[in-house]
Amino acid sequence: QVQLLESGGGLVQAGGSLRLSCAASGRTDRNYFMGWFRQAPEQEREFVAAIIWSDGRTYYADSVKGRFTISRDRAQNTVYLQMNSLKPEDTAVYSCAAVLKAYINYPDREDKYDYWGQGTQVTVSS
């Protein structure tokens, strides 16, 4: 089992930055694949970014490429999402997710992940 706890959300003006954190606990002795998803009100959850724990390879949704950066701290078992140049349309609940596999196909599919955090609210004002 893996437990995930997000933090770092909040209210920011358009053009600003936030950094989200996702701390993993439990079976962190294995390699895993971690992702960030977000869900805006009355919209479906969508993929944001993902990272391969073992080698740090990253994947991004087109909507955030060049603005968001996913990274991990292996010693702290924590994944980060640095969000720059935020836009009002980035407003959503952001959740991290994990699966105990070194690699998965289609990291943008939420059904590929087994463990989810509770989410953290990000609000970008115009």
Side-chain angles (χ1 to χ4, degrees):
Q1 295 288 330
V2 175
Q3 294 78 44
L4 303 172
L5 182 63
E6 302 99 332
S7 61
L11 173 65
V12 63
Q13 289 188 331
S17 299
L18 280 175
R19 189 178 79 157
L20 305 182
S21 300
C22 175
S25 59
R27 293 198 63 181
T28 56
D29 57 319
R30 296 178 56 180
N31 284 322
Y32 41 96
F33 204 100
M34 295 190 72
W36 284 97
F37 288 76
R38 66 186 182 186
Q39 187 168 22
E42 300 182 358
Q43 294 188 21
E44 294 186 354
R45 187 156 54 187
E46 65 174 3
F47 170 76
V48 176
I51 189 166
I52 298 178
W53 193 256
S54 59
D55 63 14
R57 274 184 286 170
T58 57
Y59 305 82
Y60 294 96
D62 289 341
S63 59
V64 306
K65 279 181 183 176
R67 299 189 299 124
F68 291 11
T69 302
I70 188 171
S71 62
R72 90 274 195 237
D73 183 329
R74 298 178 71 172
Q76 297 294 324
N77 291 319
T78 299
V79 170
Y80 302 99
L81 186 68
Q82 177 66 44
M83 306 185 293
N84 299 328
S85 302
L86 282 162
K87 306 174 182 180
E89 51 263 44
D90 294 317
T91 295
V93 174
Y94 284 70
S95 300
C96 67
V99 57
L100 293 178
K101 295 180 181 179
Y103 180 78
I104 58 173
N105 292 318
Y106 310 109
D108 57 337
R109 286 176 47 175
E110 59 181 282
D111 63 347
K112 295 293 186 179
Y113 297 84
D114 296 323
Y115 304 99
W116 292 83
Q118 84 291 348
T120 184
Q121 176 71 46
V122 171
T123 303
V124 184
S125 62
S126 57

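Since the structure is predicted, the reported quantities are computational estimates derived from the model, not experimental observations.
For Tyr59, the ring-ring contact (aromatic ring centres under 6.0 Å, His included) test picks out Phe33, with sequence neighbours left out. Listed by chain and number, the residues in a ring-ring contact (aromatic ring centres under 6.0 Å, His included) with Phe68 amount to none (sequence neighbours excluded).
For residues 51-71, every residue pair satisfying the salt bridge (Lys or Arg N to Asp or Glu O under 4.0 Å) rule, not counting sequence neighbours, is listed here: Asp55-Arg57, Asp62-Lys65, Arg67-Asp90.
A side-chain donor-acceptor contact under 3.5 Å links Thr91 to the backbone of Val124. Proximity of a side-chain donor or acceptor of Arg72 to a complementary backbone N or O of Val79 within less than 3.5 Å is not detected. Judged purely by atom type and a 3.5 angstrom limit, Tyr113 has no side-chain atom pairing as donor or acceptor with the backbone of Cys96. The backbone N or O of Ala23 sits nowhere less than 3.5 Å from a side-chain atom of Thr78 that would complete a donor-acceptor pair. Within the 3.5 Å criterion, the main-chain N or O of Glu44 finds no donor-acceptor partner in the side chain of Gln39.
Separating the CG atom in Leu20 from the OG atom in Ser95 is a distance of 10.0 Å, to the nearest 0.5 Å. Within the model, atoms CD of Gln43 and CD of Glu89 stand 10.5 Å from one another, a figure rounded to the nearest 0.5 Å. To the nearest 0.5 Å, atoms CD (Glu46) and OG (Ser63) are separated by 5.5 Å. In this structure, Asn77 CG and Gln3 CD are separated by 11.5 Å, a value rounded to the nearest 0.5 Å. Leu18 CG to Leu86 CG: the interatomic distance, rounded to the nearest 0.5 Å, is 5.5 Å. Interatomic distance, Leu5 CG to Ser21 OG, rounded to the nearest 0.5 Å: 9.5 Å.
In this structure, the side chains of Arg74 and Asn31 come closer than 4.5 Å at one or more pairs of heavy atoms. For the pair Leu4/Trp116, no side-chain contact is recorded, criterion being any heavy-atom separation below 4.5 Å from C-beta on. Using a 4.5 Å cut-off on side-chain heavy atoms (C-beta onward), Val99 and Ile104 make contact. Residues Tyr32 and Lys101 form no side-chain contact, since every pair of their non-hydrogen atoms from C-beta on lies 4.5 Å or further apart. Looking at Val64 and Arg38, their side chains come closer than 4.5 Å, going by heavy atoms from C-beta outward.
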**OP:** Step by step, work out the side-chain contact (heavy atoms from CB on, under 4.5 Å) result for Met83 and Arg19.
**Re:** CA-CA 6 Å; Met83 306 185 293; Arg19 189 178 79 157; over 6 Å; no
Subject >> Derivation of the side-chain contact (heavy atoms from CB on, under 4.5 Å) call for Leu100 and Val2 >> reply: CA-CA 9 Å; Leu100 293 178; Val2 175; 3.7 Å; yes
Subject >> Pair Tyr115-Gln1, side-chain contact (heavy atoms from CB on, under 4.5 Å): steps then yes or no >> reply: CA-CA 8 Å; Tyr115 304 99; Gln1 295 288 330; 3.3 Å; yes
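Ala98 and Met34 make their closest contact through CB-CG, 4.0 Å (heavy atoms, listed as atom of the first residue, atom of the second, distance). In this structure, Ser17 and Asn84 approach most closely via the heavy-atom pair OG-OD1, 2.9 Å.
When Trp36, Phe37, Tyr60 are each tested for a side chain to side chain contact (heavy atoms under 4.5 Å, CB included) with Phe47, only one passes: Phe37.
Taken together through direct or relayed side-chain contacts under 4.5 Å among Ile, Leu, Val, Met, Phe, Trp and Tyr, Ile70 and Trp53 form part of one hydrophobic cluster.
For Lys112, the NZ atom is densely surrounded, since the number of other residues' heavy atoms within 6.0 Å is greater than 12. Taking a 6.0 Å sphere around OH of Tyr103, one finds it holds more than 12 heavy atoms contributed by other residues, nucleotides or ligands.
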